[in-house]
Amino acid sequence: RKATAEQVIRAMESDVNPFNKQPHKPQYKRLLERRKELPVFGQMSEFLKMFTQNQIVVVVGETGSGKTTQIPQLVCYSDLPHTKGQIVACTQPRRVAAMSVAERVANEMDVSLGKEVGYSIRFEDMNEPGATFLKYMTDHTLLREAMNDPDLKQYSTIILDEAHERTLATDLLMAFLKDLAQRRSDLKLVVMSATLDAHKFQKYLSIAGPSKPAPLFKIHGRTHPVEVFYTQEPEPDYIEAAIRTVLMIHRAEGPGDILLFLTGEEEIEDACRRIKFEADDLANQDPQSIGPLVCIPLYSSLPPQQQQRIFDPAPPSRAPSGPPGRKVVVSTNIAETSLTIDGIVYVVDPGLSQVKVYNPRIRFESLLVSPISKASAQQRAGRAGRTRPGKCFRLYMQKDFETELEEQTHPEILRTNLANAVLELAKLGVKDLIHFDYVDAPAPESLMRALELLNYLAALDDEGNLTPLGAMMADFPLDSQMAKMLIVSPEFNCSDEILTIVAMLSVPSVWRRLPNQQKEADVAKALLTIPDGDHLTLLNVYNSYISNKHDRNWCWNNYLGARALQEAENVRAQLQRTMERYDIELVTTQDERKLWQSIRKALVCGFFMQVAHKEGEKGGYLTVKDNQVVSLHPSCGLDSSPEWVIFNEFILTTKPYIRTVTEVRPEWLLEFAPNYFDLSTFPAGETKRALQSVLKKRTLKAVDGTGTGSVSTRSNK
Ligand code: ADP
Ligand code: MG
């Protein structure tokens with residue numbers, strides 16, 4: 001009864017779409033011809049056989065061989081999920097990839113995006129229950145679904161894509177699904193990876209017995225040789241060097257598109273402007289030999305329509321016999337394996353990427369620009385050899401490649417804050433976090449730190465069991481600290497405002513600060529700033545956006561990102577729905593002064609572990625307990641440097657900064673987080689002395705009978 005390759009091909013070539021019984025649009029056949037050229041197509045029969053005979057299959061194949069777009073379709077032909085009200089899921093570590101691939105596959109299958117083929121990412125669902133049978137989703141979204149439906153009953157097959165990236169969510173899912181597969185014999189699991197050493201996954205997924213590793217389906221990619229060049233000297237400025245190299249290729253090399261890897265949005269936008277400027281200049285000087293160039297940015301916060309531009313063909317030459325046009329894509333690691341851009345012949349690789357690093361000692365997670373691994377460098381070079389022999393220009397020395405780079409990228413579980421993961425595992429029903437069957441076990445210190453934080457937040461009790469509050473927190477797609485703050489905010493009569501602040505903290509920055517208009521942007525920002533705290537400023541921005549009726553011109557004139565604000569509105573609505581499910585009321589306070597104070601108190605309930613105390617007169621701060629020296633970020637809108645502040649983020653650029661900062665009172669720390677601010681556990685120092693004197697005053701007042709005591713206190717346990 002299971003589909004064979006001949007049957008699948010016949011169904012694909014039929015004039016009627018087997019999935020919705022509609023006649024095919026003309027473009028369907030054209031796309032089908034393109035798909036037939038993909039390496040995976042030639043091995044369809046082999047795949048279907050292995051897939052039907054095994055519960056778990058590991059798939060490896062070069063980037064661009066057709067794993068992400070074709071394997072899920074083949075699985076649909078085999079599972080026929082649409083006839084059984086089931087769904088085939090394919091996870092992606094990145095939102096961009098989930099959205100863009102879903103759209104592509106909907107086109108290839110000649111069905112509607114959001115109907116038969118859909119996607120789910122945090123805060124955005126493009127599915128139709130009952131109609132969607134193939135769903136691309138972020139790994140994290142599926143993990144969250146599993147928390148509420150531990151059997152994932154609606155899924156017939158789950159495909160974990162890009163497993164080689166070893167994101168925290170994919171790792172946890174793999175462990176969870178390995179266990180689920182043993183409980184649900186009808187569930188199939190496919191784990192796909194772009195790197196060729198899949199033995200680790202095969203061994204890990206050997207549920208048929210330790211001597212029987214999961215079978216491997218290997219796609220034989222057709223790749224062309226890529227010549228690799230290194231610099232002779234270290235490059236002092238990699239952006240400068242990258243731009244120079246792109247222009248050198250444009251001037252001196254044959255036709256073919258260029259892919260440049262940089263680390264983040266700002267850097268990418270800036271490089272695009274500079275490349276465009278210089279390339280136009282070159283072309284004007286010498287239109288006979290230098291063709292037109294388009295420069296296309298690619299990073300995760302880019303609007304989806306703009307992301308699609310990477311698939312546009314290079315611009316045509318200006319004159320019939322003139323030099324050909326060239327496309328330059330400037331991308332973060334998204335283009336390393338997640339999205340394949342055809343036509344790339346040249347890769348420029350500065351050897352860096354932005355990674356999240358966590359220091360459990362000081363409990364800080366930060367984004368750092370760090371050297372990539374050898375495996376990543378090889379993937380990047382491979383992008384140049386998709387269609388014909390290519391060239392890869394590494395902007396570092398060969399000896400550094402050989403001696404300085406790590407072999408593989410570290411799995412995220414080894415370098416991240418595990419608080420959310422631990423909460424999610426607890427909600428998934430994992431009792432013993434230490435002996436859980438991880439693909440790679442995290443450092444015990446990171447686990448302890450996570451358990452400790454969740455205990456302080458009262459999400460886990462002293463025995464490590466999930467509390468009712470913790471179960472509720474896990475249901476919010478938010479950081480545990482934010483979830484806690486939102487849940488307790490009605491007690492302070494400001495849940496309406498905290499909801500807005502949480503939404504604003506969950507979207508990309510709303511401040512537009514273009515390099516040539518920084519002064520104007522800063523003036524506009526000052527007008528919206530509330531000096532008591534950046535959190536209040538965010539609230540003010542959002543409220544002004546709403547009272548100006550979502551006007552794009554208003555956003556533009558105030559140097560604000562309309563898209564980010566719109567997204568905040570969407571996020572807010574989604575979170576509000578989760579609040580309603582738990583009967584968490586939306587309440588507010590009329591008196592603005594009182595309201596602001598209540599908001600600052602609610603902030604303490606979530607972020608009491610992110611407090612800094614001013615040390616000395618120079619405006620320097622020391623984080624509480626961890627004693628990290630930090631400064632207020634230049635973007636901070638406080639009009640003074642208050643003694644105590646709470647912060648949302650720690651960032652390390654030229655020096656350690658805290659960003660999005662609000663003034664708090666020390667008595668709130670003692671009142672709302674007594675367990676954390678238990679002074680007997682504090683290291684000696686100025687902070688402890690300051691808190692001790694507050695405590696003394698408080699006791700005196702209490703004896704006096706003049707203490708406030710009006711706010712309903714909520715201890716943190
Ligand atoms: P893999 O997952 O093995 O890296 P993919 O399935 O992502 O391979 O890619 C297969 C082919 O589909 C590639 O040639 C890629 O360029 C093409 N492709 C994927 N998405 C799109 C899109 N949105 N528009 C045009 N081509 C696309
Ligand atoms: Mg892929």
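For ligands, and for the atoms within them, numbers begin at 1 and follow the listed sequence. Because the structure is predicted, anything quoted here is derived from the model rather than measured. Along the sequence shown, residues are numbered consecutively beginning with 1.
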Which one of [options] has a non-hydrogen atom at the shortest distance from [atom]?
atom	options	result
atom 8 (O) of ligand 1	G61, S338, G66	G66
atom 20 (N) of ligand 1	M192, R104, Q73	R104
atom 6 (O) of ligand 1	N107, D312, I341, T69	T69
atom 2 (O) of ligand 1	V59, V40, T68	T68

Whether T337 has an N, O or S atom under 2.8 Å from the Mg ion (ligand 2):
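Under 2.8 Å: T337 has no N, O or S contact with the Mg ion (ligand 2).
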Report the relative orientation of the aromatic rings in F19 and F133; use parallel for angles under 30°, tilted for 30 to 60°, perpendicular for over 60°.
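It falls in the parallel class, under 30°.
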Name the orientation class of the two ring planes belonging to Y396 and Y230 (parallel below 30°, tilted from 30 to 60°, perpendicular beyond 60°).
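Geometry flag for Y230 against Y396: perpendicular rings.
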Within 45° of the six-membered ring axis of F401 and under 6.0 Å from that ring's centre, is NZ or CZ of R394 located there?
yes
F229 six-ring face occupied by K391 cation (under 6.0 Å, within 45°):
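K391 over F229 ring: no.
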For R94, which of E165, E336, E162 qualifies under salt bridge (charged side-chain N to carboxylate O under 4.0 Å, His left out)?
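That would be E165; it is the only one of E165, E336, E162 passing the salt bridge (charged side-chain N to carboxylate O under 4.0 Å, His left out) with R94.
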In this structure, which one of T91, V88, I87 forms a side chain to side chain contact (heavy atoms under 4.5 Å, CB included) with K135?
I87
What protein heavy atom sits nearest atom 13 (C) of ligand 1, and how far off is it?
R386 NH2, 3.5 Å
Ligand 1 contact by E62, heavy-atom criterion under 4.0 angstrom:
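Yes, E62 has heavy atoms under 4.0 Å from ligand 1.
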Heavy-atom contact under 4.0 Å between E103 and ligand 1?
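The answer is no: ligand 1 sits nowhere under 4.0 Å from a heavy atom of E103.
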Check this for me - ligand 1, F311, N or O atoms closer than 3.5 angstrom, yes or no?
no
